[in-house]
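These notes are about the structure you will find just below.
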Amino acid sequence: MERRDFVVRFAGEGGQGVVTAAEFLARAAATVGYHVMTFATFPSQIKGGPTYTQVRISTDPVLSSGDEIDVLVALNLEAYNNHKAEVREDGVVMYDTVFEIDAETRALGVPIEVLAKEAGEARSANMVILGALAHLVNMPKEYFQDFVAERFKGRDKVVDFNTKALELGRLHAATSEFQLGSLMAPIRPEGKQILIKGNDALSIGALQAGVDYYVGYPISPATPIFIFMEKNLVGPGRFAYQATSEIESITAIIGAGYAGKKAMTATAGPGFTLMSEGLGLAWMAEIPCVVVDVQRGGPATGLPTKTEQSDFQTALHPAHGDSKLPVIAPGTIEECFYSAIHAFNWAERYQGPVILLSEHMMAERSQNIPMPDLDLVPPETRETYTGDNGYLRYDGAELSAMPIPGSPGAYVANGSEHDSYGDTTHLAERHVQMTERRFGKLKLLEDGHYESEGTDSPIAIMPWGGSKGPGREAWEALIASGQSIGWYYTMFLHPLPAKLLEELLQKELVIVPELNYLGQFSSYLRTYGIRAESITQYTGLPFKVSVLEERITKRVEAHGRGVVRV
Amino acid sequence: MERRDFVVRFAGEGGQGVVTAAEFLARAAATVGYHVMTFATFPSQIKGGPTYTQVRISTDPVLSSGDEIDVLVALNLEAYNNHKAEVREDGVVMYDTVFEIDAETRALGVPIEVLAKEAGEARSANMVILGALAHLVNMPKEYFQDFVAERFKGRDKVVDFNTKALELGRLHAATSEFQLGSLMAPIRPEGKQILIKGNDALSIGALQAGVDYYVGYPISPATPIFIFMEKNLVGPGRFAYQATSEIESITAIIGAGYAGKKAMTATAGPGFTLMSEGLGLAWMAEIPCVVVDVQRGGPATGLPTKTEQSDFQTALHPAHGDSKLPVIAPGTIEECFYSAIHAFNWAERYQGPVILLSEHMMAERSQNIPMPDLDLVPPETRETYTGDNGYLRYDGAELSAMPIPGSPGAYVANGSEHDSYGDTTHLAERHVQMTERRFGKLKLLEDGHYESEGTDSPIAIMPWGGSKGPGREAWEALIASGQSIGWYYTMFLHPLPAKLLEELLQKELVIVPELNYLGQFSSYLRTYGIRAESITQYTGLPFKVSVLEERITKRVEAHGRGVVRV
Amino acid sequence: MSAKNPEYDFKWCPGCGDFGVRRALEWAVEERGERTGEPIYNNVIVAGIGCSGNLVHLYEGEQQPYGIHGIHGRTLPIALGVKMGRPDLNVIVVAGDGDFLSIGQEHIAPQAARNLDITCVIMDNGVYGLTKGQSSPTGEQNMVTNSTPYGKLEVGLNPLQFFLSVGVSFVASAFSGKPRDMAKLMGQAMDHPGFSIINVQSPCTTYNDTFEMLKGSKNKGIEPALYDIPEDHDPTDWNAALEIARADGVPVGILYQEQYSQPLHQRIIDTIHPQFQAKTVPEMLEAFVL
Amino acid sequence: MSAKNPEYDFKWCPGCGDFGVRRALEWAVEERGERTGEPIYNNVIVAGIGCSGNLVHLYEGEQQPYGIHGIHGRTLPIALGVKMGRPDLNVIVVAGDGDFLSIGQEHIAPQAARNLDITCVIMDNGVYGLTKGQSSPTGEQNMVTNSTPYGKLEVGLNPLQFFLSVGVSFVASAFSGKPRDMAKLMGQAMDHPGFSIINVQSPCTTYNDTFEMLKGSKNKGIEPALYDIPEDHDPTDWNAALEIARADGVPVGILYQEQYSQPLHQRIIDTIHPQFQAKTVPEMLEAFVL
Ligand SMILES: Cc1ncc(C[n+]2csc(CCOP(=O)(O)OP(=O)(O)O)c2C)c(N)n1
Ligand SMILES: Cc1ncc(C[n+]2csc(CCOP(=O)(O)OP(=O)(O)O)c2C)c(N)n1
Ligand code: SF4
Ligand code: SF4
Ligand SMILES: [Mg+2]
Ligand SMILES: [Mg+2]
């Protein structure tokens with residue numbers, strides 16, 4: 001049997017090399033030209049604790065991390081027990097023979113350590129596993145061998161024992177009768193590819209946008225962005241620094257934004273909530289800045305290492321009073337890169353705070369993507385004031401050029417309601433003018449692009465953020481099975497692209513798959529009069545494609561039977 | 001001409017006694033049996049600055065502070081210039097002859113200080129004004145005289161010069177030809193009446209509910225609640241204290257709520273936003289507490305001394321993650337009292353945080369209301385656990401009794417996702433169970449009462465909070481003029497009374513007058529599928545009844561012409 | 001807890017200093033219970049967010065105290081809530097240096113000024129453990145971590161000096177490797193009528209293993225940084241305490257204990273209760289009658 | 001501002017100490033401009049929320065500095081943003097005791113550890129003026145205000161001691177009634193390469209009029225609390241400074257100035273820039289190529 005697609009899950013205790021094995025497999029497969037995607041989940045603890053990482057390898061672009069497991073690599077009994085149910089019927093469990101499992105037909109015991117030592121080095125245990133895996137899908141042994149040779153070039157001994165370990169694993173698996181068919185040869189994607197995680201892609205995107213000021217505070221799963229900036233955002237005119245809290249982060253980037261910098265911070269839910277007051281100030285005083293919220297499970301301290309899309313409502317209205325912040329949410333690793341540029345462009349263009357909503361799911365997974373096109377989204381820079389002193393910074397109902405300290409045009413950026421100079425006022429007319437001015441500027445952001453297909457259908461699905469991948473895969477399957485459903489997607493959540501809003505208003509039903517309890521995004525669409533409804537999930541895990549297919553089908557059928565929305 | 005109703009505005013510089021004069025007038029009028037309502041607005045500064053206070057006096061219950069001014073008392077030229085446009089055509093401007101005004105037909109100059117000194121005491125200037133006012137509406141002179149005699153009983157000299165001042169003012173006005181008709185004799189309301197401000201009513205309501213722990217931080221317009229508690233919430237078992245910030249306030253009352261107390265804090269927008277993270281914790285760990293947000297103009301530092309209803313969105317979702325907090329909003333001074341009891345009852349009943357949304361408009365105005373009925377809303381107290389150790393605090397999908405430290409049943413109240421013991425967990429099933437448990441408890445709060453009239457009409461208006469008064473007055477006028485519009489009102493904003501929700505879903509159009517830009521409450525109603533639309537105003541001032549009448553009429557007409565909602 | 005609760009699976013890394021702190025706290029609480037006759041459920045542990053804060057779940061005594069494991073940095077005001085709501089309870093804060101001294105730092109001086117009667121046990125490891133090794137306030141200048149790849153720029157915070165300076169009425173320093181001694185200090189801190197803090201050197205074996213620096217190594221010729229505070233130190237002498245705090249080395253013992261310490265709840269009983277006549281709700285309403 | 005802007009109508013109460021502070025700051029900024037040749041628009045004033053913070057709008061010089069009037073308690077991190085974004089600007093914080101020492105207190109020690117090169121002018125009046133007279137951290141124990149009707153329970157904060165203890169590198173004390181002297185101190189503070197704070201006694205004539213206490217009254221036999229720091233005080237001597245801070249009376253002058261003060265931005269230039277080779281975006285991406 002030829003296979004285009006293959007899913008392996010490595011499960012064990014933190015520290016057993018689960019993540020390393022998976023990353024190695026993904027990189028090796030991607031290097032020979034497969035498409036790969038990983039997915040990791042682990043408890044909020046440093047060493048140990050049940051951990052698993054999944055790798056999907058495919059000849060075609062990968063949209064989700066895979067519903068069912070072809071091979072489970074179980075490194076301890078608990079892992080075996082917890083994950084065996086997800087192995088597909090014709091799948092295989094590979095387990096370490098240091099422990100025993102109950103009778104199981106499709107289980108391949110591998111004496112991992114014994115074989116690794118035989119290869120000359122206990123550390124090569126992972127290679128034993130990969131060798132065995134290669135046999136199961138009938139992968140040419142050169143794939144991994146070449147990768148090992150390249151990876152450890154110049155360290156002959158390492159190449160040697162790893163190559164041996166690969167071979168011993170392969171031979172051991174070959175003694176069993178297990179086979180999962182043959183993975184088709186890779187169809188190497190055109191153009192340069194990179195293998196990257198969402199957090200890294202987003203960080204580099206921010207640098208491409210021209211970020212020159214970063215203040216952050218550690219928090220999972222946003223810490224890698226912070227660490228990236230600490231390392232890379234240095235040199236004259238640039239600044240990256242550890243704050244004492246998220247309140248300091250947000251107010252510091254507001255100060256920097258005021259001073260003319262492209263300033264940013266990244267955090268997760270708890271930190272984002274602490275930034276609320278600062279975000280209200282940035283909106284009120286019209287100061288550009290970008291806040292990344294890498295969502296995790298909430299509320300409160302919540303589920304730091306799980307994925308969820310439940311910060312959307314709060315991102316729109318973090319603070320008291322009338323405001324509605326611009327929100328962009330990438331849906332793929334590629335979009336992590338480009339959305340960062342868009343976020344800065346929006347901040348500079350409308351002169352205010354922009355929320356970039358990422359997710360644990362994307363932040364921590366690796367995927368191959370085409371080398372980003374640096375010309376695709378040209379960085380924008382705010383219009384600065386270049387005249388004399390005596391400028392009316394907040395005059396009129398529209399955006400006005402922003403003076404930068406150190407040049408003429410001094411004014412007060414004010415968190416109290418203010419007049420054109422920025423001085424505090426209590427006049428009713430001013431509050432009306434300034435409120436309309438602040439909201440009016442959002443019009444500048446309504447030209448975002450979006451995806452639309454099958455627009456003739458009165459029913460559409462419209463996932464957002466990280467649910468794009470599984471949503472798309474489900475949609476493609478449904479279309480392939482002959483259903484008529486439209487597809488909409490945008491990373492520009494607020495303000496929505498004006499044309500998209502118009503299109504959505506025409507639909508009888510817009511189904512929004514999203515990872516939260518409240519159906520936050522469909523609620524938001526309903527406030528505009530769109531007949532939207534969510535398919536929700538709040539397990540801390542991403543959607544499975546098959547589950548989505550089923551739930552969408554059911555909802556569409558119900559619609560056909562005349563069931564109306566709540 | 002007989003009049004049932006009469007509106008005076010005192011305008012001048014802070015420190016000129018504008019507020020005192022108005023309060024005195026209101027109290028005097030209420031004492032003889034009129035219905036009164038005051039309304040004050042002033043800049044955010046301690047002494048000086050343009051200030052005005054309005055008093056409405058009526059033979060009937062008063063619902064709003066009055067659209068047009070019968071008499072403007074202008075204490076300086078600026079006040080005269082700023083307010084004269086709002087004086088009704090047949091109204092009168094009374095001004096202090098220490099300054100000159102431009103030619104004006106209906107202007108009565110009064111040498112206030114001269115007459116006061118003549119009466120024997122410059123401090124009696126206010127009495128001169130009141131005396132003149134009494135003449136203008138043909139009020140029996142005994143009303144004020146008796147009040148003065150009672151008020152300053154035992155201080156004969158004070159009674160004497162104040163009485164003289166009243167008389168001199170009256171005589172002076174009598175030398176002019178101005179007259180506004182005769183204010184009808186009061187129709188004394190049945191039962192005992194109190195004259196009270198919203199903040200005081202709310203504070204006493206909280207005491208009636210059994211509050212025994214208060215930590216707060218000063219902020220306009222919530223400070224009077226804090227000061228009330230500092231003064232009155234003392235004695236064994238009770239605690240009131242000044243925090244160093246609102247973050248301290250919220251986390252302290254969470255600690256107290258956990259320890260078994262009925263705990264509360266009060267703040268305004270900026271402080272409320274700082275409490276976001278704590279509110280998420282209270283929701284997650286299921287800890288009862290009450291947070292009062294006395295709304296003012298927003299966002300950020302905003303308009304500290306102006307009124308607005310713009311914190312609703314944030315009150316629902318203050319923190320990241322899935323949560324939707326219970327929100328109660330009083331619409332009248334009476335409801336300020338009762339809503340405080342309801343808020344505590346809700347907090348105790350569902351074991352979580354409850355937001356009580358008041359408004360500057362109600363907080364700072366005085367009004368006569370019937371003596372509250374202490375039996376109307378019986379205080380509730382949480383179900384406490386009385387068994388042995390080893391209790392599963394968070395077991396199952398429903399509310400469970402709460403153990404209190406110092407008794408068996410120790411558990412961990414946890415802001416991370418947790419199992420039945422309260423210990424941290426990452427299991428998908430647990431997150432599902434606990435999320436549903438937390439939202440499921442809201443069902444316990446769906447039995448709130450509401451007002452409904454004219455329910456046959458497919459169109460209804462449904463104001464919330466402080467817009468109830470002007471909304472009701474406008475509705476009554478529209479009904480009187482023969483229009484067919486329904487009336488809905490509840491102070492239970494979330495969760496909405498289940499039956500009310502059902503009724504609203506039947507409507508073709510629900511018009512929501514509210515004081516914010518976004519139409520926050522109608523947006524919320526639309527998320528439930530209700531065809532709601534707002535009439536918004538964001539001037540920092542309450543609605544005028546006439547403006548509402550006109551805007552409602554227009555919207556209803558448009559509906560008749562088939563205009564559909566966005 | 002973990003004993004009876006198989007679902008809870010958090011573990012500290014092997015060798016983590018926090019194990020010793022947990023043991024000491026269990027002993028101290030038990031000992032206090034025996035001494036005073038108070039049940040264990042009269043204790044409330046308020047925990048910070050960090051590896052350290054998980055102590056509240058890992059408390060494995062026969063009976064378990066109450067616990068609050070809330071949000072990062074807010075142990076102290078939560079403890080204020082518990083203690084001033086229920087002054088009869090014994091309230092203990094457990095937190096890491098990041099939680100207590102960075103995001104939570106603002107809450108220390110106010111409790112000191114109030115002299116809130118609680119005991120804080122700070123697991124100081126010089127890093128953010130749970131978020132994988134970033135710089136913390138107590139880390140030294142120039143220290144390299146993943147968040148300070150070119151060396152920490154600011155001066156490290158001396159927590160003992162800070163506590164003394166803001167008026168904490170009981171300040172002690174301990175080492176996780178000596179749980180028996182620590183348990184004794186904890187007992188004394190809980191008995192102290194006022195705000196007490198024990199700063200514990202609790203090394204993070206994964207990101208900042210200071211065991212060797214603290215205990216020294218004869219083989220490598222490293223002098224131990226730890227030393228016992230001399231018997232003749234007068235803990236009521238604030239200046240002497242400050243001198244110890246500012247000197248080199250890591251002291252073990254009580255640096256400072258205010259002699260006449262009146263905690264907040266006692267001040268209220270002494271000064272406010274006698275002044276005040278509580279009004280009933282009807283009385284309050286009466287004042288507004290027309 | 002108010003001169004050119006009739007819409008802005010905020011006024012301090014007659015006699016408020018903040019008038020003197022404003023005058024002093026205007027002089028100091030002007031003088032600095034003349035001395036350095038830098039235009040006034042190179043100055044950024046970051047203001048707290050309170051009566052005091054309104055100084056930023058009431059600055060009435062010929063030319064106006066830039067200003068940020070943000071949210072309560074956050075002057076310092078906003079100033080961190082401005083200064084570290086643009087180290088060439090002169091950044092001045094103006095705030096009240098409530099703003100700076102209560103809700104904003106958490107931000108002081110970190111800037112001290114960083115030695116952020118800004119100048120803070122604290123208008124200390126012992127109360128919350130703008131919210132109408134509540135207790136503030138610097139108010140004394142037992143003080144009666146509307147928020148402490150039975151007397152303040154906690155110990156008053158000694159701001160000078162606090163600043164010294166957390167390592168502020170320039171600490172001065174001033175009196176609003178002597179704007180000329182204060183202007184001179186402000187000039188020195190702005191010239192100091194590091195974190196400087198001037199704590200100004202700026203009485204609130206409406207809620208806490210301390211003029212008499214500060215200046216004394218011959219008639220009433222009240223000794224003035226204010227005194228000039230003696231000429232022979234060595235401001236580089238931290239212990240001597242602490243002694244002054246802890247002693248009775250209100251000193252006027254510089255208590256402490258670190259001799260070799262290296263501000264944060266300079267440390268970065270000196271230690272990080274030489275270590276680092278900036279990568280371009282294509283270079284960064286290249287590292288991820290398969
Ligand atoms: C508001 C908020 N910000 C950040 C975090 C992420 N976070 C969790 S633990 C921690 C620091 C832990 O350091 P420390 O208190 O020293 O504890 P340790 O792990 O070293 O014991 C941080 C920053 C959070 N949970 N909440
Ligand atoms: C988050 C927040 N909490 C509370 C307030 C209300 N508030 C305004 S000014 C102020 C205190 C002012 O005191 P201080 O800083 O001493 O200034 P002063 O008026 O005495 O000059 C407070 C609490 C606010 N604006 N924001
Ligand atoms: S990371 Fe450090 S502090 Fe955390 S458990 Fe491991 S050793 Fe302990
Ligand atoms: S209240 Fe006090 S601080 Fe505020 S302006 Fe008046 S005198 Fe100054
Ligand atoms: Mg730590
Ligand atoms: Mg003050």
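Proteins get letters first, then strands, A, B, ... in listed order; numbering begins at 1 in each.
- No donor-acceptor distance shorter than 3.5 angstrom exists from the side chain of C:Y41 to the backbone of B:I404, with no hydrogens or angles considered.
- Listed options B:M284, B:R27, B:R430 were ranked by heavy-atom pairs under 4.5 angstrom with chain C; first place goes to B:R430.
- In this structure, NZ on C:K279 lies 9.0 Å from CD1 on B:I204, to the nearest 0.5 angstrom.
- Taking chain B as the reference chain and counting heavy-atom pairs below 4.5 Å, the highest number among C:A287, C:P87, C:G67, C:G85 is found for C:G67.
- A distance of 9.5 Å separates CG in C:L285 from CG in B:L207, rounded to the nearest 0.5 Å.
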Run the numbers on C:H69 and B:S416 for side chain to side chain donor-acceptor pair (under 3.5 Å), then give the verdict.
CA-CA 8 Å; C:H69 199 184; B:S416 297; 5.3 Å; no
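- Neither the backbone nor the side chain of B:E150 comes within contact range of chain C; no heavy atoms are under 4.5 Å apart.
- For the options B:L233, B:I247, B:V215, heavy-atom pairs under 4.5 Å to chain C are most numerous at B:I247.
- The 12-atom threshold is exceeded at CD of C:Q275, counting heavy atoms of other residues, nucleotides or ligands nearer than 6.0 Å.
- In this view, B:D395 satisfies the salt bridge (Lys or Arg N to Asp or Glu O under 4.0 Å) rule with no residue, not counting sequence neighbours.
- Applying the side-chain hydrogen bond (donor to acceptor under 3.5 Å, both in side chains) test to pairs two or more places apart or on separate chains, those with a residue in residues 193-213 of chain B are B:Q193-B:N368.
- For C:V289, the parts lying near chain B are the backbone and the side chain together; criterion is any non-hydrogen pair under 4.5 Å.
- For chain B, the option among C:P39, C:G70, C:A278 with the highest count of heavy-atom pairs below 4.5 Å is C:G70.
- For chain B, the nearby part of C:I272 is the side chain; its heavy atoms alone come within less than 4.5 Å.
- Looking only at side-chain heavy atoms (C-beta outward), C:R74 and B:I250 stay at 4.5 Å or farther from each other.
- Only the side chain of C:E106 has a heavy atom closer than 4.5 Å to any heavy atom of chain B.
- Of the listed residues (C:E38, C:E286, C:Q277, C:K83), the one with the most heavy-atom contacts under 4.5 Å to chain B is C:E286.
- At a 4.5 Å heavy-atom cutoff, the contact between B:F228 and chain C is made by side-chain atoms alone.
- For B:N389, the part lying near chain C is the side chain, with the backbone staying farther off; criterion is any non-hydrogen pair under 4.5 Å.
- Panel note: side chain C:R86, backbone B:G260; no donor-acceptor pair is recorded below 3.5 Å.
- Contacts of B:Y258 with chain C are made by side-chain atoms alone, with heavy-atom separations under 4.5 Å and no backbone atom involved.
- We find the CD1-CD1 distance between C:I68 and B:I287 to be 5.5 Å, quoted to the nearest 0.5 Å.
- Contact of B:A285 with chain C is not made at all, since no heavy-atom distance falls under 4.5 Å.
- Of the two parts of C:E283, neither the backbone nor the side chain holds a non-hydrogen atom closer than 4.5 Å to a non-hydrogen atom of chain B.
- Contacts of B:I196 with chain C are made by both backbone and side-chain atoms, with heavy-atom separations under 4.5 Å.
- Only the side chain of C:L264 comes within contact range of chain B, with at least one heavy atom under 4.5 Å from a heavy atom of that chain.
- Contact annotation for C:I269: neither backbone nor side-chain heavy atoms come within less than 4.5 Å of a heavy atom of chain B.
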